[in-house]
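Single-structure report; data block below.
Worth knowing before you read on, the calculation uses all heavy atoms, side chains too, and leaves out hydrogens, waters and symmetry mates. Just so it is clear: chains get the letters A, B, ... in the order the sequence lines come, proteins before strands, and each one is counted from 1.
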Amino acid sequence: MRKNWIVVPALMILLLLPALSVAQGVDEILTPAAEEQLEEPDSWLDAPGAVTVQDKDNDAGDQLLVSFEQPLYTDGIFAYNVYRRIVGEENWNLVKVIPADDPREFIDGYDPEYPIEPGVLYEYRIASVTVDGEEYFGPVCEAGAVSAGEIYHTGKTRVLIASILFIVLIFYYFGKAQRGIKMYMRPIAGIEAIDEAIGRATEMGKPILYVPGISSIADVATIASLTILGRVAKKIAQYQTPLIVPNRDPIVFTVAEEVVKQAYLEAGRPDAFDPDSVFFLTTSQFAYVAGVNGIMMREKPATNFYLGMFYAESLLLAETGSLSGAIQIAGTDAVTQLPFFITTCDYTLIGEELYAASAYLGREPKQIGALKGQDACKAIIMGFITLALVFGIIDVVANTHILDWLRDLVASPIME
Amino acid sequence: MYDTIGIWVGAFFTLAIYSFLYKENPIYRLAEHLVVGISSGYAMAVTYQITVKPRLIDPLLSGNHWILLIPGILGLLYITRFIPKISWLSRYPIGFYMGTAMGVSFPLIMKANVLRQLEGAMVPLYSSGMPWTEVLGNIVMILGTLAALIYFFFSKPHKGLFFGTGSKIGIWVIMLGFGATFGFTIMGRISLLIGRIQYLLGDWLHLIE
Amino acid sequence: MIVMVGGILMILQYFIPHQISQTIFAYYTDWTPIILAFALVLGVGSLTRIHSHKIRRKAKNWQYSYAVLIPLFGMPILAHILPQSLGGGMDSPSIFHFFFMHVQVSIQATMFSLLAFYIASAAFRAFRAKSALATVLLLAAVIVMLGQVPVGELLGKWLPETGLWILRYPNLAAKRAIMLGVGFGMLATNLKIIFGVERNWLGGAGK
Amino acid sequence: MLNIDRRWIFLGIGIVSIVPFFINFGLPVTTTMEVESIFDYVNELGPDNAIFISFDFAPGTQAENMPMAVGVMRHAFHNDVPVFMTANYPLHHGMMLAAMEYVFNPTTVGFYQEVFFDDWRDLREAGVTGKYELIEAWENQGNQLPDGAMGWVFEGRDYAALGYAPVFNLVILGMTVSIETQYPVDAHGNSTGEMPMLREHKSLREIDLALTSSGSGACVWWVTYAREKIGLPIAFGLTAVMATDYFPYLQSGQVIGQMGGLRGAAEYEVLLTENGITPTTDKAFTGMDVQSAAHILIILLIIMGNIAFFAGGFHKKTLLKGGS
């Protein structure tokens, strides 16, 4: 029964197997006549009609949109086989099997084994297939179009607009910052707390512990932390309070040392810099915690700063610090660690506040510019959400559908 | 046999780590160092097996994929990092990767993190048949998102009706969110402990099923 | 320079479906894994350096450095050089697989479960409702914790329901706001790196 | 009182997490819509569909992530849905192999009998690749399903252990075009091109679901690179620590459902057992009793600690002005 053509793509049978049971069920109930027909050796199926081929939009020239006319009588058909070949070639390739219930339109070219070459003319023919795998061919149709790649993807306009808007805003504020225009930034409560905590340690004559996180220098949080460390060290240099900075990452250690040295220099007290105050502890996470906890219990610092990227060790550090009675100020963008800091520390810089604090303290124009640019984008988002809220209320009250319109404005299709 | 020894060794190292709860000790330290070495060694072996051999060495040896020499050499430049004189060469592979990775992710982040989330925040407040908890939830969700965004807005002082009240509501919403995270974090850590106890009591001692 | 060209090229690539852009992208997806495979050498190299230093200088606890170095080089040898008949190779059963399955998995799985103990200790000694905000946080945490376990349902149906409500709405709002903020933060960082404003990530390479 | 040696508290947690194993309460776990939606989705699938299970977790979180991956894997095997398995990091590769070892191990209740790729080469070359005809032919060769096994699972027909590939986000992107170019061979060195399941599902476009059981932010890669690009449905299996952060993806429809932590895994096990897909619930469900006990202990500790703190005035500090 099985003919040559069906052995070649053996997988096809598989595809058909489950459909088979469904199709048979349907046949039995709805069209007993069709089944009888199938049993006859010269049974006759209606072949599909003409094939229409269009170039698909927004592709790399490797996809064609193929649709074909459904046969007049669909009884007994449970699938269609789609064959394609380059015009002038001998062999047909079976490129797609479409179950009878599926739409008669599909995108050809997704199959990596039979790719479509851009600019090549193909011809198609489609066959109706019976349950037993017999095929009845429709006409051979030359494709009405060749596939071509497009220069621009029209489905991505919204992303493009958003991206351009974002880039323009960031660069606008970059420029503004570089021209030295002062931009307003609201005071961040954490910064006040930092100053106050330094003062407190000075009064008590006890050291200050500064943990710059345990991540690498590539982490934005670490970079932010080191900027803040510079400012803190400068203040400390003026008061001559001892500073302890243990490090976990060797590269962060070298940068931190530089930063602190520079800060003492800027404060006019390079002589007060103690080279042992910034040191490398160990790379192992829990050993690092054990080391820092030891320092906390021995030296009893008056103030602990935990600023930067933290993982599971945050809890252990903050717990010991809280027991030693120190004032603790934390800041991280690690959302899972923030709750631990909030419940154990006196003040916590939450997420972006850490970046903002660093930009604020560092006073590097471009950082502030970037922050301003991001703020502008947030303002746009906030505008949209407010509008959505208003429209939502109007929708409920007046029974309109303007919210959908607004949603469509920003919605991008799932499939590209 | 193979598995039995394995489970005993596994149980030994599990207990070695737990001994840290009592006191730091040499066996704990040994386990801690071992894991660093083994995991890096494992990563090297697997990377060779899965990437370097089938994607670089095999095609090169087969002789007609000379273009793969370019990434191969670019990759080798990483190693110059250890030779101080020419360590600047290692910037090229790092630069290539960072630049392209940043570029690839830019539009995708814009879509998934920004546009898609904005779309998600625009839900109808009420449609027929919604229970009151869901309506209240939607209102809380929209207002909460807005308020939390205000909290992270640095260009305006947190004063007045919009920014003042907004940021206050914002921090409350953020705290509720963190409370949920907090609860889940505790839950997660305990789950991991449960996993180990199942290993010790079940796989090792066969005391429980 | 490479950074900038690479970055801009890849952004544009997203919007251009044309075949040339796709070919470039295919090369990129082929090459990057190969290049990055070598990056592993960096990590291994610095590990080797740190620990051989320790051994040479007989620093504190230097003996343990052997526990890092021996498996570091031993594992690849076991996997690729030792013949199968002597327990080489990567599939089970082999010495390589044994070390992974029974030593490494055990140690790593246990490491994080240590935190269950520390959380309990911190719960008693450090989690304080010292401000209104911290109180809200702790209350939400308690409700969610009870709501997530079967015993919460015994205490009352409202517990898991309130827990889920917190998760589905206020938590969603907070996380979405953070996600938007972080999204913009990442985008800005991407731009800063592409256009060379931010250079710290080079970590002083070649300086 | 607050200065109590914390080793006593450690001991308390130790006891609380061991004792419930011996006194089985078997408290019921009710299921939530976040997990049900994954279950229902997988339940609809059959032999012509295929799913991905991505092992995106390290040994550190296997207690939470493993039951999720195993649950979905057994569900798929039960419904004859082919399963592709990937891992995004070398260590995660080992987790994938461990999951297979568990599901195929005869000591596991309700295990599946695996048939290695090479063992059914002759049948494959004879063109017998459909699941049902394959089982028939295989059993005609004199093979018998061992006692207690839930069914046959043929490597290359029912599962493909693709494993780890570096820069996994790009691998996902590449698989949207072709799985075979990203994985010319699987983790056991078998040629993927010869696998029937790969012949039927050549790219992610022909896949119906990807579950990422994840212990890191890498789960988002599936959303960014597969969901957003070709619309592949994604399901999340997340550690509890991460679970709350990903609700926005759920609500915006970027993922179809998520399992959060051991609780999520336990819910899936309950659904599997209730629907007769596995004979018994598994490790996650058993763990929930301990979870209950430990949560209660920790809540009590928080309450006691706060009472002692506010009553005893332990280390009273004046609050900072800057802080609220």
Between [options], who has the most heavy-atom pairs with chain C when the cutoff is under 4.5 Å?
{"options": "B/A148, B/G120, B/A43", "result": "B/G120"}
{"options": "B/I109, B/I190, B/V36", "result": "B/I109"}
{"options": "B/N113, B/I38, B/L192", "result": "B/I38"}
{"options": "B/T185, B/I67, B/I79, B/D3", "result": "B/I67"}
{"options": "B/G144, B/A11, B/A112, B/S39", "result": "B/S39"}
{"options": "B/L136, B/L89, B/V104, B/V46", "result": "B/V104"}

With a 4.5 Å heavy-atom cut-off, do [X] and [Y] have their side chains touching?
{"X": "B/L74", "Y": "C/F38", "result": "no"}
{"X": "C/Y169", "Y": "B/I139", "result": "no"}
{"X": "B/R189", "Y": "C/S113", "result": "no"}
{"X": "C/F112", "Y": "B/I17", "result": "no"}
{"X": "B/V52", "Y": "C/I34", "result": "no"}
{"X": "C/P170", "Y": "B/W172", "result": "no"}
{"X": "C/W31", "Y": "B/L68", "result": "yes"}
{"X": "B/V9", "Y": "C/F98", "result": "yes"}

Contact part of [X] toward chain B, heavy-atom cut-off under 4.5 Å: side chain, backbone, both or neither?
{"X": "C/T135", "value": "neither"}
{"X": "C/M179", "value": "both"}
{"X": "C/V41", "value": "both"}
{"X": "C/Y28", "value": "side chain"}
{"X": "C/I119", "value": "side chain"}

If I take atom [atom1] from residue [X] and atom [atom2] from residue [Y], how far apart are they, to the nearest 0.5 angstrom?
{"X": "C/K192", "Y": "B/M102", "atom1": "NZ", "atom2": "CE", "answer": "12.0 Å"}
{"X": "B/H33", "Y": "C/Q63", "atom1": "NE2", "atom2": "CD", "answer": "10.0 Å"}
{"X": "C/F73", "Y": "B/S40", "atom1": "CZ", "atom2": "OG", "answer": "9.5 Å"}

Measure distances from [X] to the heavy atoms of chain C and classify the residue's part below 4.5 Å as side chain, backbone, both or neither.
{"X": "B/L76", "answer": "both"}
{"X": "B/I86", "answer": "neither"}
{"X": "B/I197", "answer": "neither"}
{"X": "B/M44", "answer": "both"}
{"X": "B/A121", "answer": "both"}
{"X": "B/R196", "answer": "side chain"}

Can you tell which of [options] has the highest number of heavy-atom pairs within less than 4.5 Å of chain B?
{"options": "C/T32, C/I166, C/V103", "value": "C/V103"}
{"options": "C/R49, C/M145, C/H80, C/M75", "value": "C/H80"}
{"options": "C/G74, C/P76, C/A79", "value": "C/P76"}
{"options": "C/L172, C/N190, C/N171, C/V144", "value": "C/N190"}
{"options": "C/H97, C/H51, C/R168", "value": "C/H97"}
{"options": "C/S65, C/A141, C/S46", "value": "C/A141"}

Apply side chain to side chain contact (heavy atoms under 4.5 Å, CB included) to B/L34 and C/F99, showing your working.
-> CA-CA 10 Å; B/L34 266 181; C/F99 272 106; over 6 Å; no
Got a donor-acceptor contact below 3.5 angstrom from the C/W165 side chain to the B/T133 backbone?
->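 Confirmed, C/W165 side chain pairs with B/T133 backbone.
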Taking all non-hydrogen atoms of both residues, which atom of B/F106 and which atom of C/L187 are closest, and how far apart?
->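 Distance-wise, the nearest heavy atoms are O-CD2, 3.5 Å.
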Which pair of non-hydrogen atoms, one from C/A140 and one from B/L176, has the smallest distance, and what is that distance?
->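 Heavy-atom minimum between the residues: CB-CD2, 3.8 Å.
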Measure from the ring center of B/Y42 to the ring center of C/F100 and say whether it is less than 6.0 Å.
->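 Distance test on ring centres: under 6.0 Å, yes.
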Taking the six-membered ring for Trp, are C/F117 and B/Y18 parallel (under 30°), tilted (30 to 60°) or perpendicular (over 60°)?
->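 Plane angle over 60°, so perpendicular.
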Could you verify whether a donor N or O on one side chain and an acceptor N or O on the other, from C/R176 and B/T145, lie under 3.5 Å apart?
-> no
Let me see the working for B/Y199 and C/T110 under side chain to side chain contact (heavy atoms under 4.5 Å, CB included), right down to the final yes or no.
-> CA-CA 10 Å; B/Y199 179 80; C/T110 315; over 6 Å; no
Step by step, work out the side chain to side chain contact (heavy atoms under 4.5 Å, CB included) result for C/Y27 and B/I70.
-> CA-CA 11 Å; C/Y27 270 117; B/I70 302 175; over 6 Å; no
More than 12 heavy atoms of other residues, nucleotides or ligands under 6.0 Å from [atom1] of [X]: yes or no?
{"X": "B/I27", "atom1": "CD1", "answer": "no"}
{"X": "B/W8", "atom1": "CH2", "answer": "no"}
{"X": "C/Y66", "atom1": "OH", "answer": "no"}

Could you please spell out the steps behind the side chain to side chain contact (heavy atoms under 4.5 Å, CB included) verdict for B/Y97 and C/I35?
-> CA-CA 8 Å; B/Y97 175 65; C/I35 296 176; 5.7 Å; no
